[in-house]
Amino acid sequence: MREFKRTDRVADQLQKELAVLIQREVKDPRLGMVTVSGVEVSRDLGYADVHITLLGEQDPERIKENLKVLKRAGGFLRSQVARRIKLRHVPELRFHYDESVVRGQHLSSLIEEAVASDRSRQPEADDENDSGEDGAKD
């Protein structure tokens, strides 16, 4: 049995190439700091869903604008990928915003808040336990 599927290898290579191309070759000033967080390729290699994140951007309008810029640059990016990767057919690129990083940061901050509030309550609980133990010993 194969360890890696061909689609996984193609997706991995696409992710590396697109990350470099978007950063160096796409000259649109509206495009922010884009990170390619993942690529999923269809089984027939017809489509590649490219998941991106934007550094410091959480405004829905800016996200839409960045996706529109990438969609317009899709043909150019696809032709550049075709030059760099030896494939008979380069998948059509579809760009999607990846919310997992933002969600992860939000959950992390919620966990930190919960831990901080537990720590602020803990000395009170320790004081109650200490007085309760002393009362039992007398």
Measure the [atom1]-[atom2] distance between [X] and [Y] for me, rounded to the nearest 0.5 Å.
| X | Y | atom1 | atom2 | result |
| --- | --- | --- | --- | --- |
| I85 | L18 | CD1 | CG | 7.5 Å |
| R78 | L14 | CZ | CG | 10.5 Å |
| H106 | L110 | NE2 | CG | 4.0 Å |
| S117 | R121 | OG | CZ | 4.5 Å |
| L77 | L70 | CG | CG | 7.0 Å |
| K68 | D28 | NZ | CG | 11.5 Å |

Less than 4.5 Å apart, side chain to side chain, heavy atoms only: is that true for [X] and [Y]?
| X | Y | result |
| --- | --- | --- |
| L21 | V26 | no |
| R6 | L45 | yes |
| I22 | L31 | yes |

With a 4.5 Å cut-off on side-chain heavy-atom distances among I, L, V, M, F, W and Y, is there a chain of contacts connecting L87 to V81?
yes
Could you see if V69 belongs to whatever hydrophobic cluster contains F76? Use Ile, Leu, Val, Met, Phe, Trp, Tyr and a side-chain cutoff under 4.5 Å.
yes
For [X] and [Y], work out which heavy atoms get closest and say how close.
| X | Y | result |
| --- | --- | --- |
| Y97 | T53 | CE1-CA, 4.2 Å |
| F95 | G74 | CE1-CA, 4.3 Å |
| D49 | R94 | OD1-NE, 2.9 Å |

Tell me if a side-chain donor or acceptor on K86 pairs with a main-chain N or O of R83 at a distance below 3.5 Å.
no
Contacts of E65 that satisfy side-chain hydrogen bond (donor to acceptor under 3.5 Å, both in side chains) - sequence neighbours left out:
R62
Only distances under 3.5 Å count here; give the side-chain donor-acceptor pairs of residues 32-40 to other protein atoms, sequence neighbours excluded, each with its distance to 0.1 Å.
residue, atom, partner, partner atom, Å
S37, OG, H51, O, 3.1
S37, OG, D98, OD2, 2.7

May I ask you to check whether over 12 heavy atoms, not counting those of Q23, lie within 6.0 Å of atom CD?
no
